[in-house]
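Ligands are counted one by one from 1 in listed order, and the atoms in each one are counted from 1 as well. All values reported here derive from a predicted model rather than from experimental measurement. If you read the sequence from its start, that first residue is 1, and numbering goes on from there.
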Amino acid sequence: MTDIPHGLVLGKVMNRVEWNNQLFSLHVQAPVSPYLAGQFTKLAVFNGDELIRRAYSMVNHPEHKAGHQNLEFLIIKDADGQLSPKLHKLGIGDEVYVGKDPSGFMTLDEIPATAKDLWLLSTGTAIGPFLAMLETQGLEDRFDHLILVHAVRTENDLTYSQRISQLTSRLKGKLQYVPIISREHVSGSLRGRIPTLLLRSELERATQLPISKRHSFFYLCGNPAMVRDTSDALKELGLTKHLRKKSGQFSSENYW
Ligand SMILES: Cc1cc2nc3c(=O)[nH]c(=O)nc-3n(C[C@H](O)[C@H](O)[C@H](O)COP(=O)(O)OP(=O)(O)OC[C@H]3O[C@@H](n4cnc5c(N)ncnc54)[C@H](O)[C@@H]3O)c2cc1C
Ligand SMILES: NC(=O)c1ccc[n+]([C@@H]2O[C@H](COP(=O)([O-])OP(=O)(O)OC[C@H]3O[C@@H](n4cnc5c(N)ncnc54)[C@H](OP(=O)(O)O)[C@@H]3O)[C@@H](O)[C@H]2O)c1
């Protein structure tokens, strides 16, 4: 057997869920260190002698009932990519290397205490870390409003509807789910892209929630072009990027 590369542990695929031809979830059991909701770790496999590793966010809260060493990942296969097609081929019982120490700063404890309305803006697979955050106990006591925005190309790319419904009931009316579909008209969802919908106040209209410098905080996650354009839109609306040394109203994580 090959030695386990530095910083990784050996994990085992326990389950997988197919959302569509390219979008899937992997459940992996691995002896990783504790993590915070919103963080990511690495998944890695060998391609001959070369180890290919990439970052993936955990979809499940570390304190979920199976414990923090049972990790769930939402992954899209990019047919031209190096690692994701290999992950797509993994079946139950297969082994995969996992980063021992999860990391990342897109977590609840980075949000300023003054924030009362938390907007979670995602594209594609980046809904994952937000689902983990929304599972946090007591979140409904800390925030007045929680808005989960999921922007995808087609209706077929929407995921985790059942978990979102459960969260909506658990969070006592504080969670609003706003699907955005860019390439199809689908009733019950907004059409377009996040930055345009923000600038046209369509997200405020859909949620009946005004964006405020004082009470709103935005996390942006996923496609780097969305993160860039949404950051510009939020700046146009008078908000500023949040820094540890200078408090602001938005922060982000790029997936590539
Ligand atoms: C902090 C962090 C967390 C991440 N979490 C996830 C996750 O939970 N799930 C996930 O699927 N990916 C996630 N990614 C992206 C992941 O690390 C890989 O980049 C991705 O799986 C592609 O790897 P690859 O080797 O197949 O292709 P590569 O050759 O590395 O990339 C091919 C191209 O695929 C596109 N791409 C990469 N990631 C995505 C994506 N998620 N959605 C749509 N297009 C993409 C980009 O155009 C990229 O140039 C995350 C990245 C970072 C930095
Ligand atoms: N999902 C599919 O049906 C499909 C099909 C073929 C290949 N793929 C592969 O999967 C990857 C794409 O996955 P994905 O669909 O999950 O992610 P994606 O391309 O990031 O698209 C997700 C959402 O982000 C939006 N978006 C893109 N750029 C934006 C910007 N600048 N500002 C605001 N929003 C923006 C898209 O809108 P727009 O639709 O307007 O771009 C879409 O609604 C690609 O790498 C591709 O190889 C996916």
> For Arg228, is at least one N or O under 3.5 Å away from an N or O on ligand 2?
Replying inline: no

> Looking at Gly124, which atoms of ligand 2 are within less than 4.0 Å of one of its heavy atoms?
Replying inline: 16 (O)

> Under the criterion side-chain contact (heavy atoms from CB on, under 4.5 Å), which of Asp157, Leu87, Thr159, Thr125 is the partner of Ile76?
Replying inline: Thr125

> Run the side-chain contact (heavy atoms from CB on, under 4.5 Å) check on Leu51 and Tyr97 step by step: do they pass?
Replying inline: CA-CA 10 Å; Leu51 183 70; Tyr97 291 110; 4.2 Å; yes

>> As an exercise, identify every atom of ligand 2 less than 4.0 angstrom from a heavy atom of Trp256.
In response: 20 (O)

> In ligand 2, which numbered atoms sit nearer than 4.0 Å to a non-hydrogen atom of Ser182?
Replying inline: 36 (C), 37 (O), 38 (P), 39 (O), 40 (O), 42 (C), 43 (O)

>> Regarding Arg170 and Glu140, does a basic nitrogen lie under 4.0 Å from an acidic carboxylate oxygen?
In response: no

> What atoms of ligand 2 come within less than 4.0 Å of a heavy atom belonging to Val152?
Replying inline: 42 (C), 43 (O)

> Should we say atom CG of Asp109 is surrounded by more than 12 heavy atoms from elsewhere, each under 6.0 Å from it?
Replying inline: yes

> If you link I, L, V, M, F, W and Y whenever their side-chain heavy atoms are under 4.5 Å apart, who else ends up in the same group as Ile180?
Replying inline: Trp119, Leu121, Ile147, Val149, Val178, Leu190, Ile194, Leu197, Leu198, Leu199, Leu203, Leu209, Ile211, Phe218, Leu220, Met226, Val227, Leu234, Leu237, Leu239, Phe250

> Any idea which atoms of ligand 2 are less than 4.0 Å away from a heavy-atom of Asp229?
Replying inline: 30 (C), 31 (N), 32 (N)

> Using heavy atoms and a threshold below 4.0 Å, how should the contact between Asp157 and ligand 2 be classified: side chain, backbone, both, or neither?
Replying inline: side chain

> In order of chain and number, which residues sit within 4.0 Å of ligand 1 by heavy atom?
Replying inline: Phe40, Arg54, Ala55, Tyr56, Ser57, Leu74, Ile75, Ile76, Asp78, Gly81, Gln82, Leu83, Ser84, Pro85, Thr125, Glu253, Asn254, Tyr255, Trp256

>> Regarding atom 25 (C) of ligand 2: of the candidates Thr125, Thr123, Asn156, which has the closest heavy atom?
In response: Thr123

>> Is there a polar contact, in the sense of an N or O pair closer than 3.5 Å, between Ala225 and ligand 2?
In response: yes

>> Could you work out, for atom 46 (C) of ligand 2, the closest of His150, Arg153, Lys77, Gln22 by heavy-atom distance?
In response: Arg153

> Which one of Leu10, Leu8, Val32 satisfies the side-chain contact (heavy atoms from CB on, under 4.5 Å) criterion with Val98?
Replying inline: Val32

> Is atom CD of Glu204 surrounded by more than 12 heavy atoms (other residues, nucleotides or ligands) closer than 6.0 Å?
Replying inline: yes

> Which residue owns the protein heavy atom closest to atom 23 (C) of ligand 2, what's the atom, and how far is it?
Replying inline: Ala151 O, 3.6 Å

> With a 4.5 Å heavy-atom cut-off, do Phe40 and Ser103 have their side chains touching?
Replying inline: yes

>> Please evaluate residues Thr123 and Tyr255 with respect to the criterion side-chain contact (heavy atoms from CB on, under 4.5 Å), reporting the C-alpha separation (whole Å), side-chain torsions for both, the decisive distance (0.1 Å), and the verdict.
In response: CA-CA 10 Å; Thr123 57; Tyr255 265 16; over 6 Å; no

>> I need the atoms of ligand 2 closer than 4.0 Å to a non-hydrogen atom of Arg183, numbered in the order shown.
In response: 38 (P), 39 (O), 41 (O)

>> Going by ring pair (Phe, Tyr, Trp, His ring centres under 6.0 Å), name the pairs with one or both residues in residues 166-206, residues two or more places apart or in two chains.
In response: none

> Taking only residues two or more places apart in sequence or in another chain, which ones pass side-chain contact (heavy atoms from CB on, under 4.5 Å) with Pro34?
Replying inline: His68

> For atom 20 (O) of ligand 2, what's the nearest protein heavy atom and its distance?
Replying inline: Asn223 ND2, 2.8 Å

> Quick one: does Asp144's side chain get under 4.5 Å of His215's, heavy atoms only?
Replying inline: no

> In terms of heavy-atom contacts, does CD of Glu184 have more than 12 from other residues, nucleotides or ligands at under 6.0 Å?
Replying inline: yes

> Quick check: are there more than 12 heavy atoms from other residues, nucleotides or ligands sitting under 6.0 Å from CD of Glu18?
Replying inline: yes

> Below 4.5 Å, heavy atoms only, C-beta onward: do Thr136 and His61 meet side chain to side chain?
Replying inline: yes

> So which bit of Ile76 gets within less than 4.0 Å of ligand 2, heavy atoms only: side chain, backbone, both or neither?
Replying inline: side chain

> What protein heavy atom sits nearest atom 35 (C) of ligand 2, and how far off is it?
Replying inline: Arg193 NE, 3.6 Å

> Should the proximity of Tyr255 to ligand 2, defined as any heavy atom under 4.0 Å, be assigned to the side chain, the backbone, both, or neither?
Replying inline: neither

> Which of the numbered atoms in ligand 2 are below 4.0 angstrom from a heavy atom of Asp78?
Replying inline: 45 (O), 47 (O)

> Heavy-atom contacts under 4.0 Å between Pro195 and ligand 2: side chain, backbone, both, or neither?
Replying inline: side chain

> Taking non-hydrogen atoms only, is Met226 closer than 4.0 angstrom to ligand 2 via side chain, backbone, both or neither?
Replying inline: both

